[in-house]
Protein chains: 2
Amino acid sequence: MSNASSTADDILACARSLIIAGGYNGFSYADIADVVGIRKPSIHHHFASKVDLVRTLVARYREEAQAGLAALERNVADPAEQLKSYIAYWEACIKDATAPFCVCALLASELPILPEEVALEVRAHFRSVSSWLASVMERGRRQGRLHLSGTARTEAEGFLATVHGAMLSARAYGDPKIFGTITRPLLDRLSTRH
Amino acid sequence: MSNASSTADDILACARSLIIAGGYNGFSYADIADVVGIRKPSIHHHFASKVDLVRTLVARYREEAQAGLAALERNVADPAEQLKSYIAYWEACIKDATAPFCVCALLASELPILPEEVALEVRAHFRSVSSWLASVMERGRRQGRLHLSGTARTEAEGFLATVHGAMLSARAYGDPKIFGTITRPLLDRLSTRH
DNA sequence: GCCTAGCTACCTTCCAGTAGGTAGGTGGTC
DNA sequence: GACCACCTACCTACTGGAAGGTAGCTAGGC
């Protein structure tokens with residue numbers, strides 16, 4: 001194992017950024033081949049089909065996301081600070097434009113035409129992020145660190161939706177700052193010291 | 001004029017629902033031809049190119065949206081009720097599944113790979129809806145009918161983002177009810193009688 | 001006689017995917 | 001250590017089909 005065959009990783013990384021730009025039908029094997037510096041059919045050596053490639057890509061994205069949230073749980077004690085860090089992460093992604101959109105949020109918008117195997121992964125991502133958010137909300141309320149208007153679940157869904165919408169607005173306006181403009185009041189409203 | 005040539009309208013309507021399902025690259029002329037009951041090249045008689053078709057489609061969508069908002073201004077006096085009606089409109093769209101997503105919100109997610117002519121229309125839609133929302137927020141505050149935490153502009157952007165995110169969540173969970181679950185607290189928070 | 005709204009037939013380009021080959025490396029066995 | 005079997009990671013050449021689009025025809029209406 002170790003840092004073995006980086007080509008497969010390069011293909012995944014390239015496909016990820018192409019999906020972030022234009023979704024499942026927004027890129028081709030030829031696009032990847034050009035960037036990675038490999039011939040088109042060689043991609044099939046690493047991933048049997050496009051569905052296989054994207055399913056793997058989303059599965060890995062989900063692993064990274066889970067790992068990121070787990071790290072947040074370990075390193076940040078306060079629920080309010082956890083939400084702030086989550087927002088700050090995306091704010092940084094959008095600002096430096098490396099990955100200015102959640103892969104699963106983008107794919108979710110195309111769900112009706114997505115291959116079922118990919119769709120399953122995308123739906124699972126929404127469930128796991130929203131249930132993490134709900135657990136943060138619940139803990140924040142118990143500890144008196146977050147002020148919830150409704151149930152933890154409702155607050156979590158509203159939070160996630162606003163973050164996704166803020167990504168979309170940042171893209172639509174071509175202005176990274178709008179993400180912060182939208183999410184800051186969201187955090188303010190939840191934090192107890194208002 | 002009058003109810004002339006419905007074929008062009010049929011093509012636009014069909015393309016619209018296909019775009020709502022999977023975005024700009026999620027449909028082809030062949031798909032439209034199948035549904036409309038026409039041969040593929042006949043579409044070119046009505047729309048010179050795919051870009052032309054989609055640009056026309058989005059322009060018409062924008063006109064309808066503007067007309068809808070104007071009707072809301074005419075028929076509903078109270079700003080809080082205007083927001084409620086706006087939400088109710090989308091809730092109905094999502095529930096009966098005829099057009100469960102905003103055309104421009106979906107296209108906005110693919111902005112980086114959209115033809116420039118289409119991208120311009122999409123960006124314009126965001127600006128006009130958000131400026132309408134801002135004017136409703138401002139009026140609501142002046143009339144003491146809406147309780148804003150920040151500026152009218154900020155509230156409008158947050159409102160729009162949450163609505164878009166709620167559409168996405170409804171799609172991701174395959175559950176129309178989640179749209180209401182997310183947007184109801186949004187309205188409650190803004191309405192003065194909380 | 002011209003316009004409208006279709007049609008068939010065709011073009012080029014691109015798409016994901018396949019077939020079959022090669023160069024270089026690894027491990028096993030006599 | 002020579003030979004062999006097998007593997008990985010690519011390659012070239014190609015296929016069938018779908019993409020958007022073009023050329024040129026025809027039937028019917030004002």
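Note that the structure is a prediction, hence the values are computed from the model and not measured.
Phosphate proximity of D/dC10 to A/Thr7: present, with a side-chain N or O under 4.0 Å from OP1 or OP2. Between B/His46 and C/dG6 there is a side-chain N or O to OP1 or OP2 distance below 4.0 Å.
A/Leu18 places its CG atom 11 Å from the P atom of C/dA16, with the value rounded to the nearest Å. In this structure, CZ of A/Arg39 is placed 16 Å from P of C/dA16, rounded to the nearest angstrom. For the pair B/His45 NE2 and C/dT4 P, the interatomic distance rounds to 7 Å; values are reported in whole Å.
The side chain of A/Ser42 lies closest to D/dC11, out of C/dA5, D/dT8, D/dC11.
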**Message:** Between A/Glu91 and A/Lys84, does the salt bridge (charged side-chain N to carboxylate O under 4.0 Å, His left out) criterion hold? Intermediate values first, please.
**Reply:** CA-CA 10 Å; A/Glu91 199 163 10; A/Lys84 210 172 137 187; over 6 Å; no

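Using a cut-off of 4.0 Å between Lys/Arg side-chain N and Asp/Glu carboxylate O, A/Glu121 and A/Arg60 are scored as not salt-bridged.
No side-chain N or O of A/Ser128 forms a donor-acceptor pair with one of A/Ser131 less than 3.5 Å apart.
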**Contact letters for nucleotides 14-22 of chain D, in which S counts primed atoms plus P, OP1 and OP2 and B counts the base, heavy atoms under 4.0 Å** = -----SBBB

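Pairing each heavy atom of A/Asp31 with each of A/Gly26, the nearest pair is OD2-O, 4.4 Å.
Under the ring-ring contact (aromatic ring centres under 6.0 Å, His included) criterion, A/His44 pairs with A/Tyr29, sequence neighbours left out.
Remark: of the listed residues A/Arg171, A/Arg184, A/Met167, A/Met167 is the sole one forming a side chain to side chain contact (heavy atoms under 4.5 Å, CB included) with A/Phe179.
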